[in-house]
Amino acid sequence: MNHVGHSGQGIHARDILALVNPIKAISPECTVAEVAELFLGDEYAKLLSLPVVENGRPIGAISRYRFMDMYLKQFARELYGKRPIRSFINPRPLLVELDRPLAEAALHVTENMQFPLTEDFIVTRHGKYLGVGFVMDLLKAMELRMRASADELSHAYTQLKSSQMALVQSEKMASLGQMVAGVAHEINTPLGYVQNNVAMGHELFTQVREMMAEYEALVEELMSVDASEEQIAIRMDRIAEMRAGFDASEMLVEMQALMADSLYGIDQISELVLNLKNFSRMDAAATEAVSLNDCIDSALNIGRNVLKNKVEVVRELGELPKLTCSPSQLNQVFLNLFTNAAQAMEKSGVLRIRSWSDGDSVYVNVSDNGKGIAPDILTRIFDPFFTTKPVGEGTGLGLAISHQIIQKHGGEITVESVLGSGTSFHIRLPLTVAASPARQQAQYA
Amino acid sequence: MTKPTILLVDDEERILRSLRMLFFSNYTVRMTTDPHEAVRILRDEKVHVIISDQRMPVMLGAELLRLAREASPATMRILLTGYSDMDASIASVNEGEVFRYLLKPWVGDEVKQVVADAVAIAEASFAVQSHAVKTPSAARQKPRVLIMDHEETTAKVVHEILGGRCEIVWAADAQHAMEELAKQDVSVVVSDLMLGDTNVGYILKTIKQLNPQTQCIVVTSFNDTSRLIELINQAQISRYLPKPLSRNMLARYLESMLERFHVLSDQPVLQNRQKVAEISDPQEKRQSGNFLGLLGRLRSRIAN
Ligand SMILES: Nc1ncnc2c1ncn2[C@@H]1O[C@H](COP(=O)(O)OP(=O)(O)OP(=O)(O)O)[C@@H](O)[C@H]1O
Ligand SMILES: [Mg+2]
């Protein structure tokens, strides 16, 4: 990788310097298990990849995405846990010398980054490791610079912006999709035998219970004075017949082994889910019976920073029965709707929140008098990654996640908007969620 | 009488143990985590059904099933996998020629039923194999190839490949396709999944009920794994070729499917090897029923 040195260009050095995060690099001798810890820790939470440095020089990077792909595999911990990370790193990381001009650095990064984007870039001074830069930050710096001087940078900027947008998005998509795919496979295998074992166990218990009933009846008949010899003989024949059909004690021994397998499988599934949760930082939410009005209020509370001095909030909350739901997820939905509303207002505006119930469902209406949504994009706002906000400000996931959460609760979320005068979101949540068909589908899918 | 044999292959032993419990009372169960060992067993022993996982470290399931075809052609092949990616599904059709593509977690009774069917079919295949009295039907009719595709390209390519050896019919819409199917049996169907905006899945699923010898080659640019799995199980499509078409592949597939058609015509017992599963989608089931009804009427009219 060539480093175009520009000696004596202090201005440039400051451009890149502003982007450097002084992250502690890891040694190639670090074990895979240690790296896993690091990825899960707070210190590295924002990093797509960890820089690997030896004798002061960067020799590679390990991306969260590639690491996860490897580490979520079965037995990965046992197989690779103690191995040094050296053999798993990308030996050709994105390198940027400190004194390179911003535009050049940006071009260099866009031209050399991998698809999908899974790594941050490494900043060096005279070839020595200095820190890590985020491609997003580079983009933002370029954007700022654009306002100042257009010419020199415009080419690099357009290229960066278009490829970057596409890449950042596809990276999210790809890692999400691949993660789901990989995890689905890893989970379905233990799920396969656990489910089968439990089903067979169930059947076996039925058979054993029937047999025990016969034995008990026999004992009773033997002890009773009323039972005839003939009756007892019939009973014994029946038992002999049953025993010929299946060997209960042998089956129970087998089943005991299968139950041990099942426990192991359940452990594996929980571990996968835990990994997934840690990596994606999405908590499995507990369910509780709460009033949606409480969710609304706590979302208003959390979001008051965004709302204060800008938004006049009108609460028209009706009497609501309690709803069994996951409050933390619904908080998230409301928070996102309120934030969107605030962001749609120029200087100030009114946010009107209404709630009511008809006995079957709970309804919430969130309206604003912001700038509204053009009809041609109205159908796309629930799409993942669809956003009209500048890079770095909106991920475009807010409504997609909200939609998913409402759907998971068996409800609906719809939107109505008039460009220039305002938007309202309607939510309906049923009080009793019909038993989910998910299990059945999983079996046939 | 000895029990029929089934062979289980999975890199996770717990899957093997679990399945053995499901099957041991009715079958002799052989199992291994090693695909190479599986091939040896297939060569040395009479195995009625092989059930294999897809993702294994040494070898992919579709690949193992391809080797199984060579080692023991009469054995019925089933794939049981935890995750279905497009490549795996395509390979399981084209290479593995699977009887069923099943997913984990599975439903015990369903898998038992599939295996019972497969065992019966394998038994019949073994019987044919042992007294292989091939009576090549002397006067063979000119094979008939039906192309169901909105675009003309496919028909053109097939023309170039087969020339005058076959009667080639091109249907650009579902109505025309059904009429052609009604007129006379077809040896090979080359079909896209969409004819204009009609989803022809139900036609493909009905074809095997009309004439089990007919071989289906699906050519399409759609990439939908769950639909492909459905077509494997419910239409027993023989080959799947993504568009844009590779002329060489299509030529190879057409040759082998015409050959297969003749083999099946000579030995009807083997037709069961492509027995289809019941159509799962209620709407398609209705469409298929209507189509069969229509066909009956058309055929009787043609006969008169
Ligand atoms: N109340 C609203 N008024 C006007 N436009 C809105 C409103 N709510 C959503 N939108 C439009 O829908 C788009 C998608 O919203 P969404 O919440 O999914 O993502 P985002 O707000 O852009 O990003 P994020 O929530 O992840 O920060 C927004 O970019 C905006 O254009
Ligand atoms: Mg938002």
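Every chain is numbered from 1 and lettered A, B, ... according to where its sequence line falls, protein lines coming before strand lines.
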Answer yes or no: does atom [atom1] of [X] have more than 12 heavy-atom neighbours from other residues, nucleotides or ligands under 6.0 Å?
X: A/Phe205; atom1: CZ; result: no
X: B/Glu13; atom1: CD; result: no
X: A/Gln256; atom1: CD; result: no
X: A/Met236; atom1: CE; result: no
X: B/Asp197; atom1: CG; result: no
X: A/Glu203; atom1: CD; result: no
X: A/Lys82; atom1: NZ; result: no

(request) For side chain to side chain contact (heavy atoms under 4.5 Å, CB included), just list the numbers for A/Thr189 and B/Ile15, CA-CA rounded to whole Å, side-chain angles, deciding distance to a tenth of an Å, and then say yes or no. (result) CA-CA 8 Å; A/Thr189 295; B/Ile15 291 276; 4.0 Å; yes

(request) Could you list which of residues 21-30 of chain B have a heavy atom closer than 4.5 Å to any heavy atom of chain A, in residue-number order? (result) B/Met21, B/Leu22, B/Phe24

Can you see which heavy atom on [X] is nearest to which on [Y], and at what distance?
X: A/Leu191; Y: B/Pro105; answer: CD2-CG, 3.8 Å
X: B/Ser18; Y: A/Asn196; answer: OG-ND2, 2.9 Å
X: A/Gln195; Y: B/Trp106; answer: NE2-O, 3.8 Å

